[in-house]
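Note that the structure is predicted; figures quoted are calculated from it, not measured. Keep in mind that the numbers below use all heavy atoms, side chains included, and drop hydrogens, waters and symmetry copies.
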Amino acid sequence: MRSFALLLTLLLALVAAPARAQDSDDDGDKDRRTARQTLTLETSLGPIDEYNRRPLRARGHAPRGSKLTIRFYRGKKRIAKRKVTVRKRSYKADKPIDRTGSYKVVVVARTRTGSKIRVSATLKYGPQADAPSAPEPDDDGGGDA
């Protein structure tokens, strides 16, 4: 009788153990699915190099392990493409530029869970972007009398 009770207890423990392990795996999947799926982008211009070019820098944060495609545009023409795998939740890419104009950076992330995230930013480069606006002329209607 005692051996039957022991056998029954062991069988119940074996049957219940995989169920508990499966429940904990489901919670892990749920945590993985609800992980932060954010993508940030910050653009800036670096210092002028010896060839009179400035690097257009794209950097930001993305989910760890995701594959990024970073595209640089001048107007509507794509001028460069960089592929990056995110390490330590951050990324960066540079493209040296020497022409004035409006530049756009588009970042598309494919996460480990299979979702796609897209973000873009625009930056103006050249004298029209750096020059301060002209002051308005004083028009008080009178003259210097």
request  = Quick one: do Leu41 and Ile70 satisfy side chain to side chain contact (heavy atoms under 4.5 Å, CB included)? Show the steps, please.
outcome  = CA-CA 10 Å; Leu41 171 62; Ile70 304 168; over 6 Å; no
ask   = After noting the C-alpha distance and the side-chain angles of Lys67 and Thr69, does the key distance pass the side chain to side chain contact (heavy atoms under 4.5 Å, CB included) rule?
value = CA-CA 7 Å; Lys67 309 279 186 186; Thr69 302; over 6 Å; no
ask   = side chain to side chain contact (heavy atoms under 4.5 Å, CB included) between Thr111 and Ile117: does it pass, once the steps are laid out?
value = CA-CA 8 Å; Thr111 63; Ile117 309 169; 4.0 Å; yes
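Looking at heavy atoms from C-beta onward, Val105 lies out of side-chain contact with Leu123 at the 4.5 angstrom threshold. Put simply, the side chain of Ser120 reaches to within 4.5 Å of the side chain of Lys104, judged on heavy atoms. When side chains are defined from C-beta on, Leu56 counts as touching Leu45, because their heavy atoms get closer than 4.5 Å. Annotation: side chain of Ile97 is not in contact with side chain of Phe72 (no heavy-atom distance under 4.5 Å). Between Tyr91 and Val107, some side-chain heavy-atom pair lies under the 4.5 Å cut-off.
Side chain of His61 to backbone of Thr40: no donor-acceptor contact under 3.5 angstrom is found. Remark: the backbone N or O of Gly46 is paired with a side-chain donor or acceptor of Arg54 at under 3.5 angstrom. Judged by distance alone, with hydrogens and angles left aside, the side-chain atoms of Arg74 form a donor-acceptor pair with the main-chain N or O of Thr100 at under 3.5 Å.
The two residues Ala109 and Leu68 come nearest to each other via the heavy atoms CB-CD2, 3.2 Å. Between Arg59 and Ser44, the shortest heavy-atom contact is NH1-OG, 4.2 Å. Closest approach of Ala93 to Arg82, counting heavy atoms only: CB-CG, 4.1 Å.
Rounded to the nearest 0.5 Å, atoms CZ (Arg53) and NZ (Lys95) are 7.0 Å apart. The OG atom of Ser66 sits 11.5 Å away from the CZ atom of Arg110 when rounded to the nearest 0.5 Å.
By the rule that hydrophobic residues join a cluster once side-chain heavy atoms approach within less than 4.5 Å of another member, Ile48 and Tyr125 end up as members of separate clusters.
Summarising the hydrophobic clusters (Ile, Leu, Val, Met, Phe, Trp, Tyr; side-chain heavy atoms under 4.5 Å, direct or chained), the residues clustered with Tyr73 are Val106, Val108.
By the salt bridge (charged side-chain N to carboxylate O under 4.0 Å, His left out) test, Arg64 is found to be paired with no residue, residues two or more places apart in sequence or in another chain being considered.
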